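The structure appears right after this line, and notes come after that.
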Amino acid sequence: MASEPVATTPAKKPEPVRPTGDTINTHKVRWTKAKYVSKGRKLHLTWWSGVAPCSVLDRVKVKETRKRVTVTLYEGTAPKAKNTACIMIAVEKTTTVKLKSPLAKRKLVDGAKS
């Protein structure tokens with residue numbers, strides 16, 4: 001007896017998030033993708049994270065020099081999640097970062113890798 005193919009749900013788009021700035025247990029997080037938009041003046045960064053309020057974006061640090069742009073994501077736990085049970089589910093998230101000048105030929109670096 002042949003089995004029927006199982007339909008799968010298409011992958012969701014990354015969840016857009018903004019920095020909250022007030023997390024606890026804040027740490028660096030590696031991003032997985034960067035897409036240049038607005039003629040290289042903005043970056044859409046994508047990374048894997050946990051569910052809110054247990055894992056939220058605290059801040060994004062951007063350091064620009066003539067030769068490179070280093071972008072570091074920081075995540076932590078929202079203060080209101082102090083006594084919350086956190087489920088372990090991976091969520092793909094995205095945020096947009098503005099640059100002072102277009103990326104052009106500068107090297108893009110993940111600050112969490114260094």
Side-chain angles (χ1 to χ4, degrees):
M1 175 182 227
S3 61
E4 292 293 317
V6 177
T8 58
T9 308
K12 290 182 177 180
K13 289 186 177 184
E15 176 186 332
V17 296
R18 291 178 182 234
T20 62
D22 62 349
T23 67
I24 52 177
N25 300 322
T26 308
H27 57 279
K28 294 178 182 181
V29 177
R30 289 183 176 188
W31 42 267
T32 55
K33 292 183 233 171
K35 181 180 177 183
Y36 316 111
V37 293
S38 299
K39 297 181 181 175
R41 291 189 175 276
K42 292 182 182 178
L43 296 171
H44 287 304
L45 297 172
T46 305
W47 71 101
W48 287 97
S49 180
V51 296
C54 299
S55 295
V56 295
L57 183 62
D58 181 84
R59 66 187 181 276
V60 180
K61 181 181 175 187
V62 180
K63 181 180 178 187
E64 296 186 49
T65 66
R66 288 183 326 131
K67 294 186 177 184
R68 54 195 267 176
V69 174
T70 304
V71 182
T72 310
L73 300 178
Y74 291 87
E75 278 195 340
T77 304
K80 67 180 179 182
K82 203 170 196 174
N83 295 315
T84 303
C86 296
I87 57 174
M88 300 297 287
I89 295 177
V91 178
E92 193 173 30
K93 297 180 181 179
T94 185
T95 196
T96 302
V97 178
K98 293 180 184 177
L99 301 178
K100 292 178 183 173
S101 58
L103 186 63
K105 294 185 178 184
R106 297 184 290 173
K107 181 179 180 181
L108 182 60
V109 177
D110 183 346
K113 289 183 178 180
S114 53

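One is the number of the first residue; the rest follow in order along the sequence. Because the structure is a prediction, the values reported are computed rather than measured.
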How far apart are the closest heavy atoms of Leu99 and Gly40, and which atoms are they?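 Smallest heavy-atom distance, with atoms named: CD1-O, 3.5 Å.
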Taking all non-hydrogen atoms of both residues, which atom of Thr70 and which atom of Gly111 are closest, and how far apart?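 Answer, listing the atom of Thr70 first, then Gly111: CG2-CA, 3.6 Å.
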Kindly work out whether a path of hydrophobic side-chain contacts (I/L/V/M/F/W/Y, heavy atoms less than 4.5 Å apart) joins Val91 to Ile87.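 Same hydrophobic cluster.
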Is Val29 reachable from Val62 through a run of I, L, V, M, F, W or Y residues, each pair having side-chain heavy atoms under 4.5 Å apart?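 They do share one cluster, since a chain of ILVMFWY contacts under 4.5 Å joins Val62 to Val29.
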So, applying side chain to side chain contact (heavy atoms under 4.5 Å, CB included) with Lys42, which one of Thr96, Val97, Leu103 is it?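 Exactly one option meets the side chain to side chain contact (heavy atoms under 4.5 Å, CB included) with Lys42, and it is Thr96.
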side-chain contact (heavy atoms from CB on, under 4.5 Å) between Thr95 and Trp31, intermediate numbers included: CA-CA 10 Å; Thr95 196; Trp31 42 267; over 6 Å; no
With a 4.5 Å heavy-atom cut-off, do [X] and [Y] have their side chains touching?
{"X": "Tyr74", "Y": "His27", "result": "no"}
{"X": "Glu92", "Y": "Glu15", "result": "no"}
{"X": "Val71", "Y": "Asp110", "result": "no"}

Could you give the side-chain donor-acceptor pairs of residues 48-58 under 3.5 Å, partners two or more places apart or in another chain?
from, atom 1, to, atom 2, distance (Å)
Ser49, OG, Glu75, OE1, 3.0
Ser49, OG, Glu75, OE2, 2.7
Ser49, OG, Lys93, NZ, 3.3
Asp58, OD1, Asp22, N, 3.4
Asp58, OD1, Thr23, N, 3.0
Asp58, OD1, Thr23, OG1, 2.8

I'd like to know whether Tyr36 forms a side-chain contact (heavy atoms from CB on, under 4.5 Å) with Leu43, so could you lay out the CA-CA distance, the side-chain angles of the two residues, the decisive distance to 0.1 Å, and finally the verdict. CA-CA 5 Å; Tyr36 316 111; Leu43 296 171; 3.1 Å; yes
Hey, what do you get for NZ (Lys80) to CD1 (Ile24), rounding to the nearest 0.5 Å?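 It is 12.5 Å, given to the nearest 0.5 Å.
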Here's a test for you: under salt bridge (charged side-chain N to carboxylate O under 4.0 Å, His left out), which of Lys107, Arg41, Arg106 qualifies with Glu64?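 Result for salt bridge (charged side-chain N to carboxylate O under 4.0 Å, His left out) with Glu64: Arg106.
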Side-chain donor-acceptor pair present, Thr94, His44, cut-off under 3.5 Å: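 The criterion, which ignores hydrogens and geometry beyond distance, is not satisfied for His44 and Thr94.
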Take Val60 and Thr72 through the side-chain contact (heavy atoms from CB on, under 4.5 Å) test and state the conclusion after the steps. CA-CA 6 Å; Val60 180; Thr72 310; over 6 Å; no
Before giving the answer on side-chain contact (heavy atoms from CB on, under 4.5 Å), spell out for Leu73 and Leu45 the whole-Å C-alpha distance, their side-chain angles and the decisive distance to 0.1 Å. CA-CA 9 Å; Leu73 300 178; Leu45 297 172; 4.0 Å; yes
